[in-house]
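All heavy atoms count here, side chains included; hydrogens, waters and symmetry mates do not.
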Amino acid sequence: MTRNDPKKSLLDVKIKSTRTIGNQTYNLYTKQTVKIETYKNKIKNYQVIDEESILNSQKSSLIVKIISPDKVLTGERYEINLIIERPLDNSLTASGMIVLKNNEKMILSNDLFGIKPNQSGGLFKYIQAPLEPGSQTISAIISHPEGIYSFTKKIKVGL
């Protein structure tokens with residue numbers, strides 16, 4: 001709950017789900033922080049402050065650690081790191097990253113980012129924050145012979 005205003009609350013929503021499609025089972029984990037403004041016990045307004053989701057194949061040996069900022073400055077160049085925890089031996093991975101534009105409709109940006117391997121066993125990319133305050137949503141997928149790993153994260157952009 002917001003401290004100085006009893007009409008504004010923060011709500012943390014977490015969802016875990018498993019679904020089988022064909023012979024493949026997928027796990028979904030998602031979390032959101034929503035700021036809710038109420039009037040006479042009814043929701044007057046809301047704003048999604050933070051969100052992140054991860055989708056992966058259940059039997060995949062990929063264990064990925066996501067290292068990224070939660071908030072950046074307008075125009076700042078920042079780094080997203082996807083660290084693959086276990087060695088992949090001789091296996092190959094295919095990967096890609098996209099940025100969703102800074103608006104509510106989540107239109108894909110024309111900027112496609114190929115993530116590049118890092119010598120330490122990770123994948124990384126530098127991304128430019130928009131020049132206007134708001135948010136920027138990053139989405140990436142890693143494909144491996146044993147399954148997939150996908151994530152989406154909303155990053156706050158401010159002054």
Side-chain angles (χ1 to χ4, degrees), residues 1-22 24-76 78-86 95-109 111-113 115 122-144 146-159:
M1 191 164 238
T2 308
R3 294 181 186 193
N4 295 330
D5 191 347
K7 295 180 184 177
K8 293 183 182 178
S9 304
L10 294 178
L11 175 65
D12 288 322
V13 179
K14 295 179 182 178
I15 298 171
K16 286 184 180 182
S17 177
T18 301
R19 180 160 184 197
T20 302
I21 300 173
Q24 188 68 261
T25 302
Y26 298 96
N27 296 320
L28 172 69
Y29 171 75
T30 184
K31 63 180 180 175
Q32 269 189 345
T33 302
V34 182
K35 182 179 177 181
I36 298 174
E37 187 177 345
T38 59
Y39 177 73
K40 294 186 179 180
N41 292 328
K42 294 184 181 177
I43 295 175
K44 179 180 172 184
N45 196 5
Y46 73 93
Q47 178 185 8
V48 177
I49 295 190
D50 184 41
E51 64 185 337
E52 183 176 329
S53 64
I54 296 170
L55 173 73
N56 65 346
S57 304
Q58 190 168 37
K59 295 180 182 178
S60 174
S61 63
L62 286 177
I63 298 173
V64 180
K65 183 188 215 178
I66 303 164
I67 301 173
S68 71
D70 293 325
K71 184 176 182 180
V72 295
L73 298 173
T74 55
E76 181 179 355
Y78 62 96
E79 189 174 3
I80 299 276
N81 289 294
L82 307 177
I83 308 296
I84 300 172
E85 293 287 327
R86 289 190 207 151
S95 56
M97 185 180 293
I98 60 171
V99 176
L100 301 173
K101 286 190 175 181
N102 185 13
N103 62 29
E104 295 298 319
K105 295 181 183 177
M106 294 295 196
I107 297 170
L108 289 179
S109 169
D111 302 326
L112 294 177
F113 297 95
I115 29 187
L123 304 166
F124 68 94
K125 189 64 189 174
Y126 283 100
I127 297 174
Q128 182 84 33
L131 298 175
E132 297 177 13
S135 65
Q136 188 171 44
T137 302
I138 308 298
S139 187
I141 187 167
I142 300 171
S143 179
H144 183 266
E146 295 179 22
I148 64 162
Y149 185 93
S150 172
F151 91 95
T152 302
K153 182 173 182 174
K154 183 176 188 174
I155 297 172
K156 296 178 205 171
V157 178
L159 300 173

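Taking the side chain as every heavy atom from C-beta outward, Glu52 and Ile54 approach each other to under 4.5 Å. Side chains of Ser53 and Phe151 form no contact here, defined as non-hydrogen atoms less than 4.5 Å apart. A heavy-atom distance below 4.5 Å is not found between the side chains of Thr38 and Lys44. Residues Ile155 and Ile80 meet the side-chain proximity criterion, which asks for heavy atoms closer than 4.5 Å.
A distance of 10.5 Å separates CD of Glu132 from CG of Leu159, quoted to the nearest 0.5 Å. Atoms CD1 and CG, on Ile15 and Leu28 in that order, are 7.5 Å from each other to the nearest 0.5 Å. Considering OG1 of Thr33 and CD1 of Ile49, their distance stands at 7.0 Å, rounded to 0.5 Å. Between Asn27 atom CG and Arg19 atom CZ the span is 13.5 Å, to the nearest 0.5 Å. In this structure, the separation between CG on Asp50 and NZ on Lys156 is 6.0 Å, given to the nearest 0.5 Å. With values rounded to the nearest 0.5 angstrom, Thr30 atom OG1 is found 10.5 Å from Leu55 atom CG.
For Lys71, there are no salt bridge (Lys or Arg N to Asp or Glu O under 4.0 Å) partners two or more places apart in sequence or in a different chain. Residues passing the side-chain contact (heavy atoms from CB on, under 4.5 Å) test with Lys65, sequence neighbours excluded: Ile67, Ile83, Glu85. In terms of the side chain to side chain donor-acceptor pair (under 3.5 Å) criterion, residue partners of Ser139 (sequence neighbours excluded) are, by chain and number, Thr152.
The two residues Gly75 and Leu131 have their closest heavy-atom pair at CA-CD2, 3.7 Å. When all heavy atoms are compared, the tightest approach of Tyr26 to Ser57 is CE2-OG, 3.8 Å. Of all heavy-atom pairs spanning Thr74 and Pro133, the tightest one is CG2-N, 3.6 Å.
No more than 12 heavy atoms of other residues, nucleotides or ligands sit less than 6.0 Å from atom OH of Tyr46.
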Pair Tyr149-Leu82, side-chain contact (heavy atoms from CB on, under 4.5 Å): steps then yes or no: CA-CA 10 Å; Tyr149 185 93; Leu82 307 177; 5.8 Å; no
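The pair Asp70-Lys153 meets the salt-bridge criterion, with a side-chain N (NZ, NE, NH1 or NH2) lying under 4.0 Å from an Asp/Glu carboxylate O.
A side-chain donor-acceptor contact under 3.5 Å links Gln136 to the backbone of Gln128. Side-chain N or O atoms of Thr20 include none that pairs as donor or acceptor with a backbone N or O of Thr25 at under 3.5 Å.
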